[in-house]
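Down below is the structure, laid out as structure tokens.
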Amino acid sequence: MIEHNRDVVVIIDEAYIDFSGKTALHLAESYDNVLIVQTFSKSRSLAGMRIGYAMGNAELIKAMDDVRFSFNSYPMTRLSVAIGRAAIEDSGYYKETAQKIIATREWTKKELARLGFSFCDSETNFIFATHNSVEACYIFKKLKEKHIFVRHFNSPRIDNYLRISIGTQDEMKYFISELEKILLK
Ligand SMILES: *Cc1c(COP(=O)(O)O)cnc(C)c1O
């Protein structure tokens, strides 16, 4: 893709990078038309602060820097800069929480497979799963009645899937036990 599009910028969105660890940063080093973008909204728990950054060729970064105060609908405030900085300085804490989410995700995958779900292997903080006999829409409604909220999209090709965000280990244990009850009925 990058080689066939040398005349345009190819953006690689690494929003979930800390839940997988496989960055494409080396591509930004080898190609001057690649930008890698990452956000503080996911593994750094700062959704809503609108903190993100791009990495790439110096010329490309300079071009963005030159226009950022005239084009950017989400300029960073002093407060968001201070918060972003504090988050970077506390990277040990974030590594630990990301590891917890990964461990819980792996546990949840095993449980979902045991209950008859299938899914693409997830390296994010959610699992997009479908059940082999029970409709997603039914499971979604039953979970909602129990105040357990997963996402269901009424769109072609994905309407039999549930998007399940990974919570704490206790939350996921509760989710799995309630899910099991719904499926047994
Ligand atoms: C969350 C997310 C982002 C970035 O979110 P911001 O809050 O705008 O930083 C970008 N791409 C994907 C795929 C995401 O899930």
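Both ligands and their constituent atoms are indexed starting at 1 by order of listing. Keep in mind that the numbers below use all heavy atoms, side chains included, and drop hydrogens, waters and symmetry copies.
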Original post:
If we only count heavy atoms from C-beta on, is the Ile61 to Met55 side-chain gap below 4.5 Å?
Top reply: no
**OP:** Flag the pair Lys181 and Glu178 as a salt bridge only when some basic side-chain nitrogen lies within less than 4.0 angstrom of an acidic carboxylate oxygen.
**Re:** yes
Original post:
Do other residues, nucleotides or ligands put more than 12 heavy atoms under 6.0 Å from Lys109 NZ?
Top reply: yes
Subject >> Val9: side chain to side chain contact (heavy atoms under 4.5 Å, CB included) partners, not counting sequence neighbours >> reply: Ile11, Leu35, Leu60
Subject >> CZ/Arg114: more than 12 non-hydrogen atoms of other groups inside 6.0 Å >> reply: yes
Subject >> Aromatic ring pairing Tyr53/Phe40, orientation class (parallel under 30°, perpendicular over 60°, tilted between) >> reply: perpendicular
Considering only N or O atoms, set out every pair between ligand 1 and the protein closer than 3.5 Å, with distances to one decimal place.
unit_1: ligand 1; atom_1: 7 (O); unit_2: Ser41; atom_2: OG; d: 2.5
unit_1: ligand 1; atom_1: 8 (O); unit_2: Arg50; atom_2: NH2; d: 2.6
unit_1: ligand 1; atom_1: 9 (O); unit_2: Thr39; atom_2: OG1; d: 2.6
unit_1: ligand 1; atom_1: 9 (O); unit_2: Ser41; atom_2: OG; d: 3.3
unit_1: ligand 1; atom_1: 11 (N); unit_2: Asp13; atom_2: OD1; d: 3.4
unit_1: ligand 1; atom_1: 11 (N); unit_2: Asp13; atom_2: OD2; d: 2.5
unit_1: ligand 1; atom_1: 15 (O); unit_2: Tyr16; atom_2: OH; d: 2.8
unit_1: ligand 1; atom_1: 15 (O); unit_2: Lys42; atom_2: NZ; d: 2.6

